[in-house]
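So the structure is just underneath, and the comments pick up after that.
Both backbone and side-chain heavy atoms feed into the values below; hydrogens, waters and symmetry mates do not.
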Amino acid sequence: MPTLLDPPNMADIENTFRVNVLGVVYALQSVLPEMLRRRHGHLAAVSSLAAYKGLPGESAYCASKAAVNVYMEGLRIQLRDKGIAVTTLCPGFVRTPMTAANDSPMPGVLDADEAARRMVRAIHRRRKVYNFPLGMSLFMKLTRWLPDWIVARSMKNYNESPPFPPTEARVDR
């Protein structure tokens with residue numbers, strides 16, 4: 001759900017954080033006590049390449065995914081001597097009902113099955129953070145160095161007519 005300014009869509013923004021951040025926290029906390037008891041396990045969470053840059057019109061989404069990255073990083077450091085691996089998965093664009101509403105270019109878009117295969121492989125390899133696909137990952141990291149006016153100009157059309165995912169896809173943020 002795009003982040004609107006006037007009027008602000010506070011309910012959607014709160015829901016984005018509830019699903020993307022608290023959904024991860026509650027899911028991981030439901031299995032962590034048993035992993036700690038066994039001193040063995042592997043936690044994984046899906047974030048996004050959007051975590052690396054605050055994008056206009058997607059402030060809430062980007063911020064929620066950045067929160068997931070930092071939360072997972074803290075857990076990874078805290079759990080490193082407890083036998084529990086932690087992997088943060090940061091895909092770029094994946095074809096889903098949520099992205100179906102997007103008419104903007106989606107460089108490197110992956111089918112959901114391919115994204116899932118890559119995530120499973122990263123988990124098996126015990127990657128700390130897995131950013132993919134490579135081209136989009138490099139592009140998003142590069143945007144961190146761009147002046148704000150370039151990012152604003154490149155997303156002007158998106159912000160004038162932001163995509164709204166179908167109602168059934170909104171919870172899948």
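- Taken together through direct or relayed side-chain contacts under 4.5 Å among Ile, Leu, Val, Met, Phe, Trp and Tyr, Leu22 and Met10 form parts of separate hydrophobic clusters.
- Judged by distance alone, with hydrogens and angles left aside, the side-chain atoms of Arg39 form a donor-acceptor pair with the main-chain N or O of Asp81 at under 3.5 Å.
- Taking all atoms of both residues into account, the shortest heavy-atom contact from Leu28 to Ala44 is CD2-O, 3.9 Å.
- Remark: His42 NE2 is packed, more than 12 non-hydrogen atoms of other residues, nucleotides or ligands lying under 6.0 Å away.
- Note: Glu58 CD to Ser64 OG = 9.5 Å, rounded to the nearest 0.5 Å.
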(Q) Is there a side-chain contact (heavy atoms from CB on, under 4.5 Å) between Leu79 and Leu36? Walk through the geometry before answering. (A) CA-CA 9 Å; Leu79 296 170; Leu36 288 168; 3.8 Å; yes
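- The two atoms that bring Asn20 and Lys65 nearest to each other are ND2-CE, 3.7 Å, heavy atoms only.
- Hydrophobic cluster membership differs between Met136 and Val46, with clusters built from Ile, Leu, Val, Met, Phe, Trp and Tyr side chains linked at under 4.5 angstrom.
- Put simply, Val86 and Val70 are part of two different groups of oily side chains (I, L, V, M, F, W, Y) that touch within less than 4.5 Å, one to the next.
- Side-chain contact between Arg118 and Pro133 is present, with at least one heavy-atom pair separated by less than 4.5 Å.
- With hydrophobic clusters built from ILVMFWY side chains whose heavy atoms lie under 4.5 angstrom apart, Leu43 shares a cluster with Val25.
- A heavy-atom distance below 4.5 Å is found between the side chains of Ile84 and Leu32.
- For Leu55 against Cys62, the heavy-atom pair with the smallest separation is N-SG, 3.6 Å.
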Q) Taking it one step at a time, do Met140 and Asn131 satisfy side-chain contact (heavy atoms from CB on, under 4.5 Å)? A) CA-CA 10 Å; Met140 285 304 293; Asn131 300 304; over 6 Å; no
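- Annotation: side chain of Arg121 is not in contact with side chain of His124 (no heavy-atom distance under 4.5 Å).
- Minimum heavy-atom separation, Phe17 to Ala63: CZ-CB, 3.7 Å.
- With hydrogens and angles disregarded, a donor-acceptor distance shorter than 3.5 Å links the side chain of Thr87 to the backbone of Arg127.
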Q: For Arg117 and Glu114, run side-chain contact (heavy atoms from CB on, under 4.5 Å): C-alpha distance rounded to whole Å, both residues' side-chain angles, the deciding distance at 0.1 Å, then the answer.
A: CA-CA 5 Å; Arg117 275 191 291 279; Glu114 175 60 22; 3.2 Å; yes
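- Taking CG of Asn9 as the start and CD of Glu14 as the end, the distance is 10.5 Å to the nearest 0.5 Å.
- The cluster map of Ile, Leu, Val, Met, Phe, Trp and Tyr, joined by side-chain heavy atoms under 4.5 Å apart, puts Phe139 and Trp149 in the same cluster.
- For the atom pair CE of Met72 and NZ of Lys128, the computed distance is 13.5 Å after rounding to the nearest 0.5 Å.
- Atom OH of Tyr52 sits about 8.0 Å away from atom CZ of Arg144, to the nearest 0.5 Å.
- The side-chain heavy atoms of Val129 and Arg76, taken from C-beta on, include a pair separated by under 4.5 Å.
- With 3.5 Å as the limit, one finds a donor-acceptor pair spanning the side chains of Asn69 and Ser47.
- For the atom pair Leu89 CG and Leu49 CG, the distance stands at 11.0 Å (nearest 0.5 Å).
- Under the 4.5 Å side-chain criterion, counting only non-hydrogen atoms from C-beta, Arg153 is not in contact with Ile150.
- Within the model, atoms CD1 of Ile13 and CZ of Arg18 stand 12.0 Å from one another, a figure rounded to the nearest 0.5 Å.
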